[in-house]
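Contents: one structure, followed by commentary.
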Amino acid sequence: MRLSRYFLPVLKQNPSEAQIASHRLMLRAGMLRQEAAGIYAWLPLGHRVLKKVEQIVREEMDRAGAIELLMPTLQLADLWRESGRYDDYGAEMLRITDRHDREMLYGPTNEEMITEIFRAYVHSYKDLPKNLYHIQWKFRDEQRPRFGVMRGREFLMKDAYSFDLTEAAGRASYNQMFVAYLRCFSRMGLKAIPMKAESGPIGGDLSHEFIVLAQTGESAVFLDKRMLDLPVPGEDVDYGADLTPILDEWTHLYAATEDVHDAERYERETPEAERLTARGIEVGQTFFFGDKYSRPMKANVQGPDGVDTAVQMGSYGVGVSRLVGAIIEASHDDAGIIWPDPMAPFGVGIVNLRPGDPEVDEACERAYAALTAAGKEPLLDDTAERPGGKFATMDLIGLPWQLIIGPRGLADGVVEIKRRATGDRQTLPLAAAVRTICE
RNA sequence: CGGGGCGUAGCGCAGCCUGGUAGCGCAUCUGCUUUGGGAGCAGAGGGUCGCAGGUUCGAAUCCUGCCGCCCCGACCA
């Protein structure tokens with residue numbers, strides 16, 4: 001992409017409404033525009049990152065055997081009356097009436113709808129297990145939206161739903177999602193720690209929150225430091241095998257949010273030197289809740305014995321739009337965002353220090369072509385802005401690499417590359433610079 | 001939902017108390033000079049001062065109502 005043709009409205013000054021780093025940086029880097037409290041337009045740069053997060057989540061869900069579909073944002077109130085949640089959910093649910101006075105709602109989650117879809121088609125244990133997911137916008141009418149995309153009212157969420165005949169099989173499905181989540185967050189460059197959680201209004205008895213440690217996290221967390229060094233399962237993890245050992249490894253050390261924190265147990269189980277109190281951002285939650293929805297909604301399958309049984313269900317959410325904020329919270333400095341390589345909206349920023357100079361232009365074009373061919377998604381700053389402004393913008397939008405090409409270096413046959421995360425710079429010939437970036 | 005605060009140009013703000021032709025910085029446009037870490041000079045464009053009533057000869061300014069937004073807390077993915 002050439003910056004001269006792109007849409008990147010960066011702000012030099014901090015917007016007054018943004019208090020935390022991710023919100024401030026997303027606005028300044030031209031990723032986001034607020035349209036109402038907790039409701040945002042994703043500008044091109046932000047949209048690219050959102051899509052990258054979404055794609056990693058999708059790949060890991062698919063790898064774990066989940067199947068993608070897409071359910072609507074609007075749902076009928078009657079569906080929610082079946083589970084009894086239409087009245088329970090309260091003011092957080094945005095209720096809408098259509099032209100025929102039908103009661104509808106903007107979905108805050110999709111347990112009811114997926115259960116309705118499942119029961120319409122699946123009647124035999126032979127079709128189990130199934131795990132269906134979608135990535136769709138949700139709306140929860142928060143009393144107090146804040147922190148940009150970290151607590152918006154409208155947000156993009158991946159929600160998966162597992163269906164099994166028995167509780168044991170349901171727990172195996174739960175384990176698959178648990179492992180998929182470890183992989184997902186790790187691929188995004190995040191340390192996400194699973195913590196035992198209250199299951200909340202969704203119900204059930206087995207639940208974990210996946211928490212990214214960050215100073216601006218909304219809740220205090222208490223954990224055993226050794227959790228930070230546990231190995232994340234690799235791409236080759238066998239989802240068909242018994243995953244209980246991985247689950248055990250990741251749940252035997254103490255880790256809890258303040259809501260469920262048990263100070264006495266913490267002190268008993270965790271040596272003082274290994275205790276870590278921090279703040280965290282919840283980026284995902286897994287629930288196993290058995291027949292909580294399948295029973296009232298009559299989502300039954302026939303077992304081998306010919307008897308109808310309510311299916312055992314779990315649901316698994318990832319806050320896709322929140323993750324964009326969480327990644328920035330976990331990775332930024334005074335100058336701007338520092339994208340982990342896989343999340344970066346562009347892989348490398350090429351800075352043309354003297355547009356109009358034939359030699360510099362030519363070198364930039366050559367670099368642009370080579371990096372594009374290598375799949376590095378370069379962003380070429382070919383604008384007439386002055387060097388200082390270009391450098392500031394590059395640091396702000398946080399691309400992993402900067403390739404700086406100007407007349408001074410070219411006179412000596414060299415260009416400069418800068419690694420955003422470390423600030424390390426190297427001066428070397430263009431071909432070598434491109435090679436280094438592509439490694 | 002309790003408490004506090006703010007709405008004036010794209011962004012950041014002053015002006016309001018004490019009513020009298022709407023300002024500053026950045027950004028934008030034009031020209032010239034510049035060009036390796038947010039340039040300089042000269043000129044220009046852009047605002048029914050959140051909305052609606054009221055008081056007044058006259059309202060950004062005073063009064064009333066509404067709307068929107070932010071912060072702290074409670075609540076929540």
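The basis for the numbers below is simple: all heavy atoms, side chains too, and nothing from hydrogens, waters or symmetry mates. Order of the sequence lines sets the chain letters (A, B, ...), proteins ahead of strands, with each chain counted from 1.
- Going from the P atom of rU21(B) to that of rA39(B) covers 37 Å, rounded to whole Å.
- The side chain of Lys12(A) places an N or O atom within less than 4.0 Å of a non-bridging phosphate oxygen (OP1 or OP2) of rA27(B).
- Here rU35(B) is the nucleotide among rA77(B), rG36(B), rU35(B) with the atom lying nearest to any side-chain atom of Arg386(A).
- Not one side-chain nitrogen or oxygen of Arg354(A) sits closer than 4.0 Å to the OP1 or OP2 atom of rU35(B).
- Within 4.0 Å (heavy atoms only), Lys158(A) reaches no atom of the nucleic acid at all.
- Remark: ring of Phe155(A) overlaps the six-membered base ring of rA77(B) in a stacked fashion, centroids less than 5.5 Å apart, planes less than 30° apart.
- For rC24(B) and rC63(B), the P atoms lie 28 Å apart once the distance is rounded to whole Å.
- Listed by first and then second residue, the ring pair (Phe, Tyr, Trp, His ring centres under 6.0 Å) pairs that reach into residues 401-439 of chain A come to none, sequence neighbours excluded.
- Looking at Phe288(A), Phe210(A), Tyr239(A), Phe287(A) one by one, the single match for ring-ring contact (aromatic ring centres under 6.0 Å, His included) with Phe178(A) turns out to be Phe210(A).
- Taking atom P on both nucleotides, rG15(B) is separated from rA52(B) by 25 Å, rounded to a whole Å.
- Nucleic acid contact for Arg33(A): none, since no nucleic acid atom lies under 4.0 Å from a heavy atom of the residue.
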Extract from the structure each pairing of a protein N or O with an N or O of nucleotides 69-74 of chain B at less than 3.5 Å, listing the distance.
{"residue": "rC69(B)", "atom": "OP1", "partner": "Ala37(A)", "partner atom": "N", "Å": "2.6"}
{"residue": "rC69(B)", "atom": "O3'", "partner": "Gln34(A)", "partner atom": "NE2", "Å": "3.1"}
{"residue": "rC70(B)", "atom": "OP1", "partner": "Gln34(A)", "partner atom": "NE2", "Å": "3.1"}
{"residue": "rC70(B)", "atom": "O3'", "partner": "Glu17(A)", "partner atom": "O", "Å": "3.3"}
{"residue": "rC72(B)", "atom": "OP2", "partner": "Arg144(A)", "partner atom": "NH2", "Å": "2.4"}
{"residue": "rG73(B)", "atom": "N7", "partner": "Arg144(A)", "partner atom": "NH1", "Å": "3.4"}
{"residue": "rA74(B)", "atom": "N6", "partner": "Arg146(A)", "partner atom": "NH2", "Å": "3.2"}
{"residue": "rA74(B)", "atom": "N1", "partner": "Gln143(A)", "partner atom": "OE1", "Å": "3.3"}

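- In this structure, the CG atom of Asn352(A) is 16 Å from the P atom of rU35(B), given to the nearest Å.
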